[in-house]
Amino acid sequence: MIIEFGKPFIDENERSAVEKILRQPVLVHGKNTSIFEDKFCNFTKSKYSISVSSCTAGLHLGYLALGVGPGDEVIVTAQSHVATAHAIEYVGAKPIFIDCELDYGNIDINQIESKINKRTKAISVVHFLGMPVDMLSLKKLSNKYKLYLIEDCALAIGSRIGNKHVGTFGDIGSFSFYPVKHITTIEGGMITTQNKKIAECLKKIRAFGYEKNKDLIAKGKLYDVDKLGFNYRMNEVEACIGIEQLKKLNIILKKREKNSRFLRQGLSLIDNIKILKGSKKNFTHSHYCVSFIILKNNTHYRKFVMEELLKQGIRSSVYYPGPIPNLKFYKQKYKFKTNSFPNSYAISNYSIALPVGPHLSVENIEFMLKKIKGIFNEI
Ligand SMILES: *Cc1c(COP(=O)(O)O)cnc(C)c1O
């Protein structure tokens with residue numbers, strides 16, 4: 001038996017939708033991308049949703065649309081996927097890293113204010129593994145200093161504070177539909193924004209900077225180009241898969257929550273590990289995975305545990321193997337010391353992430369728990 005870390009939840013519905021698209025002439029710029037965007041607005045209650053080729057592309061376009069660029073600083077968490085920081089580098093701005101806290105793995109909001117100066121343009125946060133960052137406190141801070149807020153929501157579809165979906169608190173939210181995320185379009189992403197001007201700019205720069213309007217048409221022109229845009233569109237095949245996936249999203253989220261609760265219960269009986277918390281009053285978690293830190297603080301133990309799990313057919317993972325400032329590109333560029341982000345370092349080096357996706361049955365989780373307990377009795 002193999003327990004995969006992530007497995008796309010795809011069936012006949014996606015397959016026949018794709019087949020239908022492939023029999024028609026329109027493969028990009030079609031109605032499926034608009035339908036997917038509308039349905040995404042329905043789910044998140046975002047005013048605008050703009051489909052893109054990936055979450056990373058969405059973050060990149062987000063900074064461009066906000067006018068963040070050379071000379072600007074963006075405050076960002078040290079514990080995330082490297083894309084969160086790369087998007088800041090793409091526009092020539094400088095990432096200012098902040099360590100995470102160890103309850104949930106989210107950015108340590110208490111450390112932000114001391115890093116704000118006249119070059120600071122924005123704060124970028126990640127809803128770590130799907131647990132929302134405290135956006136209400138953050139919003140107070142960003143309002144006080146007039147900073148933009150960017151939310152990396154790659155693992156946070158279904159995450160809410162009260163009834164408000166993440167990605168609708170800040171100026172820009174960016175979601176991912178990479179195969180192992182909650183829902184997939186193979187590759188793909190979605191930007192959310194509540195601002196009409198930003199939405200229009202995003203639509204333009206995701207497709208070369210095309211400008212189309214009545215005046216141009218009256219002059220007999222198809223379009224003009226007034227911005228250095230990219231080709232970051234989502235195609236019709238990806239969008240039609242996304243539409244089918246959204247139909248299953250509530251089932252997926254329920255199953256993840258149930259699996260997560262069951263796995264956490266079992267793990268709580270094991271000594272010498274610290275499980276990143278899965279609940280907070282008024283906050284809805286999307287339960288991407290369950291991550292725990294081995295308190296023996298030795299990379300050897302982690303390697304041993306992951307290898308033993310793999311021998312039993314259990315594929316675990318690490319979210320994320322940074323900290324980002326310790327990855328070569330950032331370490332060499334900004335000369336960070338290895339011990340500058342101790343909490344993020346602990347997660348990167350001593351934590352293990354276990355799956356809770358809808359591909360796991362209760363029996364699978366019981367099996368995982370039994371094997372993990374066995375391994376921890378050995379070390
Ligand atoms: C996966 C991930 C990304 C990258 O998403 P893509 O759609 O592959 O670009 C960005 N940020 C976080 C937090 C992620 O987990």
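Atoms within a ligand are numbered from 1 in the order they appear, just like the ligands themselves. Each residue takes its place number in the sequence, starting with 1.
The protein atom (non-hydrogen) at minimum distance from atom 1 (C) of ligand 1 is Lys181 NZ, 1.5 Å. Of all protein heavy atoms, the one closest to atom 7 (O) of ligand 1 is Ser176 OG, 2.7 Å. With respect to atom 10 (C) of ligand 1, the closest heavy atom belonging to the protein is Asp152 OD2, 3.6 Å.
For atom 8 (O) of ligand 1, the nearest non-hydrogen atom from the set Tyr178, Tyr319, Tyr288 belongs to Tyr178.
Close approach of ligand 1 to Ala154 (heavy-atom distance below 4.0 Å) involves ligand atoms 2 (C), 3 (C), 10 (C), 11 (N), 12 (C), 13 (C), 14 (C), 15 (O).
Asn32 and Glu236 form a side-chain donor-acceptor contact under 3.5 Å, judged by distance and modelled atom types alone.
Between Tyr320 and ligand 1, a contact under 3.5 Å exists for at least one N or O pair. Considering both main-chain and side-chain atoms, Glu187 never comes within under 3.5 Å of ligand 1 through any nitrogen or oxygen pair. In terms of polar-atom proximity, defined here as any N/O pair under 3.5 Å, Thr56 does make such a contact with ligand 1. At least one N or O atom of Cys55, backbone or side chain, sits closer than 3.5 Å to an N or O atom of ligand 1.
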Practice problem: Go through the steps for Glu307 and Lys303 under the test salt bridge (Lys or Arg N to Asp or Glu O under 4.0 Å), then give the verdict. | Solution: CA-CA 6 Å; Glu307 281 170 1; Lys303 186 164 172 280; 3.3 Å; yes

Exercise. Please assess Glu19 against Arg23 for the test salt bridge (Lys or Arg N to Asp or Glu O under 4.0 Å), listing each intermediate value before the final yes or no.
Key: CA-CA 7 Å; Glu19 164 116 44; Arg23 287 181 192 285; 2.5 Å; yes

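Side-chain atoms of Leu360 and Met368, non-hydrogen and from C-beta on, do get closer than 4.5 Å to each other.
By the 4.0 Å heavy-atom criterion, Ser80 is counted among the residues contacting ligand 1.
Ring centroids of Tyr350 and Phe292 are separated by 6.0 Å or more, keeping the two rings apart.
Using cut-offs of 30° and 60° on the angle between ring planes, the pair Phe175 and His165 is tilted.
Using a 4.0 Å cut-off between a side-chain N of Lys or Arg and a carboxylate O of Asp or Glu, Lys7 and Glu4 do not qualify as a salt bridge.
Applying the side-chain hydrogen bond (donor to acceptor under 3.5 Å, both in side chains) test to residues at least two apart or on different chains, the pairs with a partner in residues 78-94 are Gln79-Ser344, Gln79-Ser348, Ser80-Thr84, Thr84-Asp152, His86-Tyr330, Glu89-Lys333, Glu89-Tyr334.
Looking at Leu155 against ligand 1, only its side chain comes within 4.0 Å, counting heavy atoms.
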